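Treat the numbers as computed from the prediction; the structure is a model and nothing was measured. Heavy-atom basis, side chains included; hydrogens, waters and symmetry copies ignored.
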Amino acid sequence: MKKFFGEFKEFVMRGNVLDLAVAVIIGAAFQNIVTSLTDNIISPILGLFTKMNFDQLMLKFTFPDVIGGGEGTAVTIKYGAFITAVINFLIMALIIFLIVKAINKLMSIGKKKEEEEEAATTKECPYCKSEIAIEATRCPHCTSKLEGFEEEVSLEKK
């Protein structure tokens with residue numbers, strides 16, 4: 001049992017689980033803000049054109065009761081509430097996109113610095129375009145003479 005709790009503690013304390021928990025809590029709180037924005041600001045502004053609160057727009061259909069001869073059945077389609085939910089979703093998606101984009105930009109800044117610090121160990125042969133060691137003076141693939149190549153002086157007998 002002790003081992004089980006130890007494994008559970010290790011799982012919960014991993015960074016990505018804690019990050020996920022924080023993200024869910026912040027996302028839920030932020031959803032309340034976005035819902036309030038659409039319900040209390042956007043819907044009333046859009047409602048100026050329809051002369052009622054936008055999320056209260058609906059179509060009401062009444063069908064006669066064929067069997068009983070009574071008033072019938074009423075069906076209400078609340079399209080204003082649906083459009084408000086779509087607006088909520090689009091605002092949340094846009095904000096999440098912007099947050100992820102900002103985080104990716106911050107992460108790439110750190111990666112660029114690491115890449116710049118690493119010195120190049122290879123270069124490209126200008127003749128055959130193969131990758132060769134940076135100190136090479138002759139290409140091992142095409143045997144072309146590269147910059148820094150010095151002719152060997154042969155000693156001839158006189």
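Met58 and Phe82 are not part of a single hydrophobic cluster, where members link through side-chain heavy atoms under 4.5 Å apart. Linking Ile, Leu, Val, Met, Phe, Trp and Tyr residues whenever their side-chain heavy atoms come within less than 4.5 Å places Met92 and Ile103 in a single cluster. Phe49 and Leu59 fall into different hydrophobic clusters, where Ile, Leu, Val, Met, Phe, Trp and Tyr residues are linked whenever their side-chain heavy atoms come under 4.5 Å apart, directly or through other members. The hydrophobic cluster containing Ile45 also contains Leu37, counting ILVMFWY residues as joined when their side-chain heavy atoms lie under 4.5 angstrom apart, directly or transitively.
You'll find the side chain of Thr76 stays beyond 4.5 Å of the side chain of Phe61, heavy atoms only. In this structure the side chain of Leu57 reaches within 4.5 angstrom of the side chain of Met52, judged on heavy atoms.
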Checklist entry - Can Cys142 and Ser130 be said to form a side-chain contact (heavy atoms from CB on, under 4.5 Å), step by step? => result CA-CA 9 Å; Cys142 68; Ser130 61; over 6 Å; no
Item to check | Residues Cys128, Cys139; criterion side-chain contact (heavy atoms from CB on, under 4.5 Å); working and verdict | outcome: CA-CA 9 Å; Cys128 68; Cys139 178; 3.6 Å; yes
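Under the side chain to side chain contact (heavy atoms under 4.5 Å, CB included) rule, Leu46 has a single partner from Asn53, Ile87, Ile41, which is Ile87. Screening Val34, Asn88, Ile91 against Ile42 for a side chain to side chain contact (heavy atoms under 4.5 Å, CB included) leaves a single residue, Ile91.
Annotation: the span from Glu7 atom CD to Lys2 atom NZ amounts to 14.0 Å, rounded to 0.5 Å. Atom CD1 in Ile132 sits 9.0 Å away from atom OG1 in Thr137 (nearest 0.5 Å). The distance from atom CD1 of Ile99 to atom CD1 of Ile26, rounded to the nearest 0.5 Å, is 8.5 Å. We find the CG-CD1 distance between Leu90 and Ile83 to be 11.5 Å, quoted to the nearest 0.5 Å.
In terms of modelled atom types and a separation under 3.5 Å, the side chain of Lys101 and the main chain of Ile96 share no donor-acceptor contact. In this structure, Ser43 contributes its side chain and Thr38 its backbone to a donor-acceptor pair below 3.5 Å.
Remark: the Asn40 side chain and the Ser36 side chain contain an N/O donor-acceptor pair separated by less than 3.5 Å.
Between Lys145 and Tyr127 the shortest heavy-atom distance is O-CE1, 3.7 Å. Contact detail for Thr143 and Arg138: the closest heavy-atom pair is O-NE, 3.1 Å. Heavy atoms only, all atoms of each residue included: Glu131 and His141 are closest at O-NE2, 3.8 Å.
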